[in-house]
2 protein chains.
Amino acid sequence: MGRVKQFDEAEVLQRAMLSFWKRGYEKTTVRNLEHDMGINQFSIYATFKSKEQLYKRSLENYQHQLDREFLGPLRLANSDLSDVKSFLIKFALSIAQGKIPNSCMMVNSVREIEHFDPVIRKIVVRFFDEMKALFAKAIANSVPMKDRSLDEGAEFLVGIAQSISIYSKIKSPSQIKSYINFAVDRISN
Amino acid sequence: MGRVKQFDEAEVLQRAMLSFWKRGYEKTTVRNLEHDMGINQFSIYATFKSKEQLYKRSLENYQHQLDREFLGPLRLANSDLSDVKSFLIKFALSIAQGKIPNSCMMVNSVREIEHFDPVIRKIVVRFFDEMKALFAKAIANSVPMKDRSLDEGAEFLVGIAQSISIYSKIKSPSQIKSYINFAVDRISN
DNA sequence: TTATTAACTAAGCATATGCTTAGTTTTAGT
DNA sequence: ACTAAAACTAAGCATATGCTTAGTTAATAA
């Protein structure tokens with residue numbers, strides 16, 4: 001019994017994510033969220049408890065979205081370094097051309113959340129650990145390597161991926177492509 | 001005639017920089033600045049005009065500080081890739097061990113300033129262009145290279161430098177060192 | 001139909017924000 | 001000593017913030 005929700009939770013969460021992604025945690029006000037999510041403040045608090053909880057849910061949602069829209073090819077068993085390149089270039093150009101709200105929300109979280117809340121830290125660290133595993137597989141499928149070198153190479157690519165969210169904000173598309181090609185090519189040699 | 005300033009402008013600017021560096025632009029309130037700079041709000045506004053102007057002055061001050069404390073060896077005529085490594089490792093460990101307020105203020109500016117004010121953009125871009133020139137010289141002093149490769153290599157190292165401000169926040173000191181060693185060694189090979 | 005429950009609306013609360021202003025103190029030139 | 005100019009103090013202003021609450025509407029179980 002009781003009235004039924006007038007909105008779809010997954011849908012408003014997606015909108016909240018876009019709102020946070022664009023502006024970051026602090027600069028996104030509850031009035032912004034109200035407008036972007038299309039529901040009243042009361043409904044936000046009744047459903048998500050607090051702005052902070054909503055941010056964490058948004059960050060998890062971001063991870064799923066990135067998985068769906070960018071990491072698919074890297075999840076295939078036979079992925080290789082060309083898939084790494086494609087992923088990095090696609091993501092970097094999305095940033096440079098303003099196709100996505102504001103570079104990488106994971107990186108933004110590392111940068112913004114001052115006290116670096118342990119829950120957020122956990123989400124971020126796991127995100128990059130999973131990315132590292134995908135990169136390691138791609139390397140293994142491209143060049144024969146010792147485990148030690150494989151790990152070093154994967155860590156290296158994670159670092160490159162992180163650099164992209166800054167690099168892509170201040171460099172031209174052609175520089176971005178050169179940068180990624182150069183970096184990924186360092187693995188095979 | 002008129003009363004004389006009770007404070008040293010360079011000194012309070014340094015304190016303002018530390019305040020902004022720690023918390024970022026938005027999260028630093030004028031009350032924070034008042035406390036950290038040790039002067040009244042009126043004096044802040046009388047001397048620096050606005051919070052935004054003060055931030056820009058702080059960012060320039062940051063550049064000079066980084067030059068003094070980290071980039072000295074790279075400015076020498078005979079600097080080489082080992083100096084690049086030393087710089088990156090020193091800076092990265094300063095971040096990881098919390099010796100400096102909050103990773104790189106230039107990178108933070110790229111990430112935080114939403115509309116990306118053109119003045120700030122200019123400061124940031126020039127900062128990384130100067131860093132690139134220092135890296136290029138260091139590469140040239142270490143390995144013989146064509147101009148094209150030299151530029152690629154220097155761009156690559158700038159990217160690595162940018163990645164460090166995120167990487168160092170979520171990785172251990174030994175991982176950070178491995179990452180930097182691995183990355184810089186990719187140049188010589 | 002009616003009672004109960006939950007989602008809705010909109011107004012409101014305490015506090016924080018960037019910046020200003022009224023009024024006071026200190027300096028230097030006459 | 002007197003006056004003008006500039007730096008100081010502290011209070012204040014309009015607005016924005018995260019979150020709550022009083023009151024209304026809608027859905028279901030009896």
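Proteins come first, then strands; the chains are lettered A, B, ... in the order of their sequence lines, and each starts at number 1. On a predicted model such as this, the values are computed, not experimentally measured, just so you know.
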**Q** Could you tell me how far apart R23(A) (CZ) and dG18(D) (C1') are, to the nearest whole angstrom?
**A** 15 Å
**Q** I need the CD1-C1' distance between I44(A) and dT9(C), as an integer number of Å.
**A**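 Answer to the nearest Å: 13 Å.
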**Q** Does T28(B) or I39(A) map to a spot on DNA chain C nearer the 5' end, using the closest nucleotide for each?
**A** I39(A)
**Q** Once you round it to whole Å, what is the distance between C1' of dG18(C) and CG of L33(B)?
**A**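 So the two atoms are 11 Å apart, to the nearest Å.
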**Q** What is the distance, rounded to the nearest whole Å, between atom CD of E52(A) and atom C1' of dC19(D)?
**A**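 From E52(A) CD to dC19(D) C1': 14 Å.
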**Q** Between dG18(D), dA7(D), dA10(D), spot the one nearest the side chain of N40(B), thanks.
**A** dA10(D)
**Q** Tell me which nucleotide among dG18(C), dT27(C), dT17(D) gets nearest to the side chain of V4(B).
**A** dT27(C)
**Q** Hey, are T29(B) and N32(B) close enough side-chain-wise for a donor-acceptor pair under 3.5 Å?
**A**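 Result is yes, a qualifying pair exists.
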**Q** Are OP1 or OP2 of dC8(C) and a side-chain N or O of S43(A) less than 4.0 angstrom apart?
**A** yes
**Q** Are S163(B) and Y179(B) close enough that a side-chain donor and a side-chain acceptor fall under 3.5 Å?
**A**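 Yes, a side-chain donor-acceptor pair sits under 3.5 Å.
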**Q** Figure out the CZ/P separation between F7(B) and dA6(D), and round it to whole Å.
**A**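 Taking atom P of dA6(D) as the reference, CZ of F7(B) is at 15 Å.
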**Q** Given dT20(D), dT20(C), dT26(C), identify the nucleotide with an atom nearest to the side chain of Y45(B).
**A**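 It is dT20(C).
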**Q** Nearest to the R31(B) side chain among dC19(D), dC13(D), dA6(D), which nucleotide is it?
**A** dC13(D)
**Q** Closest approach to the side chain of K51(B), judged atom by atom: which nucleotide of dC19(D), dA27(D), dG18(C) is it?
**A**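 Closest of the options to the side chain of K51(B): dG18(C).
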**Q** What is the separation between atom CZ on F42(A) and atom C1' on dA26(D), rounded to the nearest whole Å?
**A**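 These atoms are roughly 14 Å apart.
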**Q** Might you work through the salt bridge (charged side-chain N to carboxylate O under 4.0 Å, His left out) test for E52(A) and K56(A), ending with a clear yes or no?
**A** CA-CA 6 Å; E52(A) 200 180 325; K56(A) 287 173 187 168; 3.4 Å; yes
**Q** Tell me the interatomic distance from E34(A), atom CD, to dT17(D), atom C1', rounded to whole angstroms.
**A** 13 Å
**Q** Does the side chain of S79(A) come under 3.5 Å of the side chain of R75(A) through a donor N or O and an acceptor N or O?
**A**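 No pair is found: no donor N or O on one side chain lies under 3.5 Å from an acceptor on the other.
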**Q** Could you state the CG-P distance from N32(A) to dG18(D), rounded to the nearest angstrom?
**A** 8 Å
**Q** Taking the side chain of R3(A) as heavy atoms from C-beta outward, which of dA7(C), dC19(C), dG18(D) is closest to it?
**A** dA7(C)
**Q** Looking at every strand, decide which applies to T47(A) at a 4.0 Å heavy-atom threshold: base, sugar-phosphate, or nothing.
**A**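 Result for T47(A) = nothing.
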**Q** What I want to check is whether an N or O donor and acceptor connect the side chain of Q6(B) with the base of dC8(D) at under 3.5 Å.
**A**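 Side chain to base: no pair present.
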**Q** Should the pair W21(A) and Y62(A) be assigned to parallel (<30°), tilted (30 to 60°) or perpendicular (>60°) ring geometry?
**A** perpendicular
